[in-house]
Every structure is written in structure tokens, then in C-alpha cells.
Amino acid sequence: MKLLIFIVNKKAGNGKGLKVWNKLKSELDQKKIYYRSFFTKYPNHAGELAQQISSMYEDKVEAVIAVGGDGTINEVVNGMVNYPQIKVGYIPAGSGNDFSRGFHVPNTPLEALSFILRNKTNKAKWFDIGKCKVRNKSKSSYFVSSLGAGFDAAVAKLTNESRMKKYLNKLHLGSLAYVGALIRLLFTYQPTQVTITIDGRDFQYDNVWFVTVSNQPYYGGGMKIAPHAKTTDGLFDVTVVHNLSRIKLLFAFATVFFGAHTKFKEIAQHKGAAILVESDEKINIHADGEFIGQTPVQVEVQHRKIPFLVK
């Protein structure tokens with residue numbers, strides 16, 4: 001019998017991770033499941049744990065399961081890219097949980113655990129992820145759901161640094177922290193000119209607010225930024241928001257939860273497997289909502305790279 005490994009971010013969702021894990025542990029012990037658990041202690045620790053465990057016990061591990069938010073599954077995937085024989089699972093315990101939406105993970109932690117236990121020995125489905133490299137960094141990293149450059153990355157960075165986020169998480173209103181950061185930056189952020197190279201073809205845009213490279217439809221806590229993105233087609237959906245007034249940008253964000261923003265003439269959409277984003281002014285970049293650096297950034301699809309235990 002192979003082992004299930006749980007990598008738990010106790011601080012995810014402002015402490016929700018620990019509460020979720022206590023429920024999961026009770027269920028696992030009651031069912032006498034063969035497992036081990038590890039707790040993250042600092043940023044990127046989940047990735048380090050996943051890599052170390054996989055390298056030491058790769059023949060003995062059935063699956064490595066992230067318990068946390070989108071940042072936790074991002075870290076675990078970064079640690080697992082060289083161990084494709086081990087399945088990757090996810091149990092939602094964060095505030096945004098866009099991975100759950102886009103990859104069809106069961107809504108509640110116990111439902112997600114039940115699904116994993118029922119399917120842990122089955123053949124996993126293989127999904128695309130993204131590989132990215134930013135300026136001044138020697139190593140590439142990976143993302144699962146989306147990468148963004150510009151305003152959305154600035155909003156994500158401010159949201160993650162916000163003291164208000166932890167209080168909103170307690171009220172199960174974590175998405176409002178993102179909205180608050182968005183409104184705050186709406187009046188100060190300065191758009192810039194961006195050149196995007198998609199599969200060898202150049203596109204230039206003026207007054208660009210942000211560029212999002214999507215592997216699945218959702219980001220930012222439920223916003224449907226790329227309604228037609230698919231996780232297995234070997235392509236990214238690229239969304240470019242440009243030449244919008246500040247008021248119209250706010251209105252566009254109000255419609256993005258329904259995917260209706262795609263009707264704006266100032267919102268361009270492309271598909272491609274290899275993307276280079278360059279800008280006149282250096283702009284922030286996020287991967288799965290976590291700040292990773294500044295432009296330029298090179299992005300490539302890793303087609304069906306990770307075996308996820310999802311529906």
C-alpha cells in the first residue's frame with residue numbers, strides 16, 4: 001500500500017487551513033488511512049517539502065495533497081514537476097480557491113478528501129501547467145491557473161500585504177480584500193505600452209492596464225477572466241486590457257465575474273503556447289496570485305505535465 005502525503009498550510013485563509021486539517025485528520029484516522037502530514041513554516045516551504053518527499057520516497061508515495069489556498073497548490077506543483085509518477089491532489093482551505101473552480105475540485109474539504117480517497121489508486125488525469133521565467137532570475141518557475149503582468153499583479157501584491165484581508169477571511173468575504181485593493185490602485189496605477197509575442201507573432205498595445213495568461217477560466221477569487229480557457233488543450237488564453245478609462249476599467253471588473261468583459265473593444269484576447277511579455281516601464285508579475293518579479297517574462301505551456309487527482 002502506498003502512502004498519502006498531506007502538505008498543510010495552517011495559515012491559509014487566516015487560520016482556516018488548521019481548522020480544515022483537524023477535520024481531515026479525524027476522518028483519516030477514523031478510516032485508518034495510511035498517510036503522513038507535514039506543515040509549512042514559511043513561504044515556498046510547501047514546494048521544498050514536496051520536492052524532498054518525492055525524491056526520497058517516490059516509489060512509496062501514491063499522491064501528494066496540498067491543503068491550503070492557490071499559493072499552496074502552486075508551491076506543491078513547483079516541487080513536483082520532476083516527479084510525474086506521483087499524483088497531485090488538492091483540498092481547498094484558502095480564501096480565493098480559483099484552482100478549485102477551474103479544475104473542478106469538490107467544494108468542501110471533506111468532499112474533496114472523499115473524492116481523493118475513492119480515486120487515489122485510479123489513473124490520474126494529466127493537465128497543462130505554465131512555465132515562466134522573469135528578468136534577473138536564473139531559474140524558471142511554474143504556475144497552475146494564471147500569470148498576470150501589470151495592474152492585476154499590483155492588486156494581487158497589495159491584497160496579499162493587506163491587513164484587512166485576514167479580517168474579511170474570518171467573515172468568509174476574502175474576495176472583498178481584492179476588490180478593495182483594486183479600487184485603491186485604480187486611482188494611482190499608470191498604464192504603459194506593452195509588446196506581446198505569441199508563438200512568434202508580435203502584438204503592440206498602448207496604455208495597457210494588464211495582461212493575463214490563463215490556463216483556466218478563473219482568477220482573483222472567482223473572476224472569470226478567460227471564459228474559454230481549457231486546462232488540457234496545450235494553449236493559454238491571453239487577455240489584454242488596454243486604452244480603458246479608469247471608470248470604464250472599474251465597470252469591466254464588475255462584469256468579469258460573469259465573463260461579460262470580453263465584449264469590450266478595449267479587451268483583446270489571443271491564444272498561444274509560447275508568450276513573451278515586454279513593457280516600456282517595468283511592471284509587476286504574479287503567478288497564481290503570488291508576486292514573482294517584473295517584466296519581461298517568458299511563458300511556455302507544459303502540455304499535460306501534472307497528474308492531478310480532480311474530477
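Being a predicted model, the structure only gives us computed values, none of them experimental.
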Within the side chain of [X], is there an N or O that forms a donor-acceptor pair under 3.5 Å with the backbone of [Y]?
X	Y	value
N215	F236	no
W209	L244	yes
E300	A274	no
N22	K19	no
D288	F143	no
H104	V310	no

Residue pairs passing the salt bridge (charged side-chain N to carboxylate O under 4.0 Å, His left out) test where at least one lies in [range], sequence neighbours excluded:
range	answer
residues 82-100	E62-K87, D98-R101
residues 125-144	none
residues 252-268	K248-E266

Same cluster or not: [X] versus [Y], using hydrophobic residues (I, L, V, M, F, W, Y) connected whenever any side-chain heavy atoms lie under 4.5 Å apart?
X	Y	value
L309	L24	yes
V238	Y205	yes
I306	L49	yes
F39	L113	yes
I65	V105	no

From [atom1] ([X]) to [atom2] ([Y]), nearest 0.5 Å:
X	Y	atom1	atom2	answer
T192	I283	OG1	CD1	7.0 Å
N284	Y189	CG	OH	7.0 Å
T195	D280	OG1	CG	7.0 Å
I116	L28	CD1	CG	9.5 Å
M80	I86	CE	CD1	4.5 Å
K305	N82	NZ	CG	6.5 Å

Kindly indicate whether the side chain of [X], heavy atoms from C-beta on, has any atom under 4.5 Å from the side chain of [Y].
X	Y	value
V277	V299	no
Q298	L276	yes
Y219	S145	no
H261	P227	yes
V240	V194	no
S146	H286	yes
I91	F6	yes
T40	V8	no

Minimum heavy-atom distance [X]-[Y], with the two atoms named:
X	Y	result
A93	V20	CB-CG2, 3.9 Å
P106	F115	CG-CB, 3.9 Å
G221	F257	O-CE2, 4.2 Å
G289	A156	O-CB, 3.8 Å
V301	G272	CG2-O, 4.3 Å
A273	G234	CB-O, 3.7 Å

Would you check, one step at a time, whether the test side-chain contact (heavy atoms from CB on, under 4.5 Å) holds for T72 with V67? CA-CA 7 Å; T72 310; V67 181; over 6 Å; no
Please work out whether the ring planes of F151 and F253 are parallel, tilted or perpendicular, with thresholds of 30° and 60°. tilted
Identify, with sequence neighbours excluded, every residue that meets salt bridge (Lys or Arg N to Asp or Glu O under 4.0 Å) alongside K311. none
Listed by chain and number, what are the salt bridge (Lys or Arg N to Asp or Glu O under 4.0 Å) partners of D202, not counting sequence neighbours? none
For E75 and N44, run side-chain contact (heavy atoms from CB on, under 4.5 Å): C-alpha distance rounded to whole Å, both residues' side-chain angles, the deciding distance at 0.1 Å, then the answer. CA-CA 6 Å; E75 290 184 20; N44 298 315; 4.0 Å; yes
Answer yes or no: does atom [atom1] of [X] have more than 12 heavy-atom neighbours from other residues, nucleotides or ligands under 6.0 Å?
X	atom1	result
K23	NZ	no
R246	CZ	yes
F264	CZ	yes
R118	CZ	yes
E281	CD	no
F203	CZ	yes

Do [X] and [Y] have side-chain atoms, one donor and one acceptor, less than 3.5 Å apart?
X	Y	answer
T231	Q216	no
S279	T295	yes
D152	T212	yes
N74	N78	yes

Mind jotting down which residue pairs meet the ring pair (Phe, Tyr, Trp, His ring centres under 6.0 Å) criterion with at least one end in residues 66-96? Sequence neighbours excluded, please. Y90-F99
